[in-house]
Undergrad: 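This structure is in structure tokens; I'll ask about it shortly.
A, B, ... follow the sequence lines: proteins, then strands. Residue 1 opens every chain.
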2 protein chains.
Amino acid sequence: MLKEERQQFIINEVGIHNRILLTDIADQLNVSVDTIRRDIKELHAAKQLKKVHGGAVSLGFNNYNPTGKKIYSLEKKSQIAEKALGLIKDGQVILLSGGTTNLELARRLPPKLKLTCFTPSLPIAVQLLGKNNIEVIFIGGRLSKDSQITVGGSAINMLSEIKVDICFLGTNSIHPMEGLTEFDWEIVQMKKAMIHSSRKVVSPCISEKIGSLQRYKICGVEEVDVMITELEPWDVKLDAFKNLNIQIL
Amino acid sequence: MLKEERQQFIINEVGIHNRILLTDIADQLNVSVDTIRRDIKELHAAKQLKKVHGGAVSLGFNNYNPTGKKIYSLEKKSQIAEKALGLIKDGQVILLSGGTTNLELARRLPPKLKLTCFTPSLPIAVQLLGKNNIEVIFIGGRLSKDSQITVGGSAINMLSEIKVDICFLGTNSIHPMEGLTEFDWEIVQMKKAMIHSSRKVVSPCISEKIGSLQRYKICGVEEVDVMITELEPWDVKLDAFKNLNIQIL
DNA sequence: CAAAATACTGCAAAATCTTGCAGCGCTTGA
DNA sequence: TCAAGCGCTGCAAGATTTTGCAGTATTTTG
């Protein structure tokens, strides 16, 4: 049996039972517990599950916590969110995609700002619901467990009926030539629809993501009107974007 | 049993009952009280609950519900939720309206139960997202701040396209003659649409709400197939419903 | 205050983890 | 073809964690 197969099996078992025991898996696959232990170690590093003493548990196992969730490079994302705030004017209609950067933006929206906010993201909707002057409209559809946004035909359909002032499009990878890319096909479809539903597309993007590339393409860089990073405007990483008719903040 | 599992179980129990006894938990899980004590110590350190003499309490509990009245009502809702669980079968498609009773139901859905779950309620969607075997489909639309469910044409439209096996319709007021009533017009529209989208309508309802009346009518009692209360079946409060062709649990 | 319940401490057995190592099969390149 | 290199796997020794128990301290309750 191939290592790949084995790990796939483990992921599957965790998905079904929410938890597994080292000894069970080793037994079922007729390999030593050491091998399974190593597999689980790798899968843990790859964030496919959570390794615990004696086995492993599913990541989404009872641990959803919109407020307490750990956000990586929070500092950078905060800076980006602050810059993004400057683009929003009272009375506008905006669209927030998922992602922790946009969640930070949502958190920082001033209480007195009047807005209509569309979003397919559950954590962002929860956050916005606490703001009295913001009308929240949730894009319905099937909820994807890992990204916590709605996806699928129904959601895309709902998007096709709107045209908002600004879309803040959380971005996993942006590349000067290849544009915006994603690793999840369903999210690609959602983001395409979001771009289509917006007059202006803003891409908040921490510097780590600049120049990286994923499997599927969302759109070219030319579709993005504004790019926001935590970097200073003269940073060399941004050079490649400077003659692309994009506003950089 | 893994330590992780045990601790998740404890967190869950605290979430449901707001308080737990060391001995109860040790009994249910067949481990020594020392083990549970140590778990609770860790969870306390991780600020997941508050350790007290003899057990633990939920963190928000002491702040939000000092009187204990809320718990009492929560106990009733828990009983109702437990009864409601019996109506759900593996593989079904269900629809959960908003309300705390349905939230309790959502929280109690067993992790191994496979379901497709439609809901317009934000808290319920958050709860369900943590369950791996449940496909969550969110009914999109404008989010109402106080009820935390989506309302309006878009949501009703989405409802019009589905037909689920069972709808659990959280109920504010139920009256033997006047049927189900609500004080919010928009929610009335939503609930009407939900009834229309379901083969079977179940109304979980704590006894305080029986016999009360609100401004707008959702439907007559005859549209409800099953009514669930925390009362015993022979309670006098239920007499008025007994010749109305409703199953009472 | 006294009895009962609960908490803490140290300890020992069992399970599990870590680490280093050797055997095995596969690939690579002379 | 064969030797070297590499990754995967299982094994073993020692470290670490987990768990239950017993004895003692502390808190609760009547």
Undergrad: Over all strands shown, is A/Val31 touching base, sugar-phosphate only, or nothing at heavy-atom distances under 4.0 angstrom?
TA: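 Answer is sugar-phosphate: A/Val31 comes under 4.0 Å of backbone atoms only.
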Undergrad: For the pair made of CG in B/Asp39 and C1' in D/dG20, what is the distance, rounded to whole Å?
TA: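 After rounding, the gap between these two atoms is 13 Å.
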Undergrad: Respond yes when some side-chain nitrogen or oxygen of B/Thr35 is under 4.0 Å from OP1 or OP2 of D/dT19, and no when none is.
TA: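 For B/Thr35, the contact criterion (side-chain N or O under 4.0 Å from OP1 or OP2 of D/dT19) is not met.
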Undergrad: What's the shortest heavy-atom distance between A/Ala155 and A/Ile139, and which atoms?
TA: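 Heavy-atom minimum between the residues: O-CG2, 3.5 Å.
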Undergrad: Looking at A/Lys191 and A/Glu182, is there a salt bridge between them, counting it only when a charged N and a carboxylate O are closer than 4.0 Å?
TA: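 Between A/Lys191 and A/Glu182 there is a salt bridge, with a charged N closer than 4.0 Å to a carboxylate O.
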Undergrad: Less than 4.0 angstrom from a charged side-chain N to a carboxylate O is my criterion; do B/Lys77 and B/Glu104 meet it?
TA: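 Not counted as a salt bridge, because no side-chain N and carboxylate O are separated by less than 4.0 Å.
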Undergrad: Where are the stems of DNA chain D, defined as at least 3 consecutive Watson-Crick or wobble G-U pairs with both distances under 3.5 Å?
TA: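 Paired runs of 3+ in DNA chain D: C:1-30 with D:1-30.
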Undergrad: Taking protein heavy atoms under 4.0 Å as touching, what does nucleotides 24-30 of chain D look like 5' to 3' if B marks base contact, S marks sugar-phosphate-only contact and - marks none?
TA: ---SS--
Undergrad: Can you tell me which nucleotide in C/dC8, C/dT18, D/dT19 comes closest to the side chain of A/Lys41?
TA: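 The answer is C/dT18.
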Undergrad: Quick check for you: to the nearest 0.5 Å, what is the distance between A/Ile124 atom CD1 and A/Thr119 atom OG1?
TA: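 Taking CD1 in A/Ile124 and OG1 in A/Thr119, the distance rounds to 4.5 Å.
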Undergrad: Do A/Thr171 and A/Met227 have side-chain heavy atoms sitting under 4.5 Å apart?
TA: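 With C-beta onward as the side chain, the pair stays apart.
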Undergrad: Checking contacts here: which listed nucleotide (C/dC8, C/dT6, D/dG20) is nearest the side-chain heavy atoms of B/Thr23?
TA: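 For B/Thr23, the side-chain atoms sit closest to C/dT6.
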Undergrad: Starting from P on D/dT9, measure out to CD1 on A/Ile40 and report it in whole angstrom.
TA: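 In whole Å, D/dT9 P lies 14 Å from A/Ile40 CD1.
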Undergrad: Round to the nearest Å and state the distance from B/Ile20 atom CD1 to C/dT6 atom P.
TA: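 My rounded result for the distance is 13 Å.
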Undergrad: Atom CZ of A/Arg38 to atom P of C/dT19: distance rounded to whole Å?
TA: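 The answer, rounded to whole Å, is 12 Å.
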Undergrad: For the residue pair B/Ser121 and B/Gly98, what are the closest heavy atoms and their distance?
TA: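 Smallest interatomic distance, heavy atoms only, reads CB-CA, 3.8 Å.
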Undergrad: In whole angstrom, give the distance that lies between atom CG of B/Leu2 and atom C1' of D/dT19.
TA: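 Going from CG in B/Leu2 over to C1' in D/dT19 covers 14 Å.
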Undergrad: Check ring-ring contact (aromatic ring centres under 6.0 Å, His included) between A/Phe138 and all other residues, then give those that pass, not counting sequence neighbours.
TA: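 With sequence neighbours excluded, A/Phe138 shows a ring-ring contact (aromatic ring centres under 6.0 Å, His included) to B/Phe138, given in chain and number order.
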Undergrad: Does B/Lys131 reach the side chain of B/Cys117, with side-chain heavy atoms less than 4.5 Å apart?
TA: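 SC-SC contact between B/Lys131 and B/Cys117 ruled out.
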Undergrad: How far apart are the closest heavy atoms of A/Asn132 and B/Lys145, and which atoms are they?
TA: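 Minimum heavy-atom contact is O-CE, 4.0 Å.
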Undergrad: Would you say C/dT6 has OP1 or OP2 under 4.0 Å from some side-chain N or O of B/Lys51?
TA: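 False: B/Lys51 side-chain N/O out of range (4.0 Å or more) of C/dT6 OP1/OP2.
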Undergrad: How long is the line joining CG of A/Leu22 and P of D/dG10, in whole Å?
TA: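 From A/Leu22 CG to D/dG10 P: 13 Å.
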Undergrad: Provide, to the nearest angstrom, the distance between the CD1 atom belonging to A/Ile36 and the P atom belonging to C/dT16.
TA: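 Whole-Å distance recorded here is 14 Å.
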Undergrad: How many Å lie between CG on B/Asp34 and P on C/dA12, as a whole number?
TA: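 Roughly 17 Å, once rounded to whole Å.
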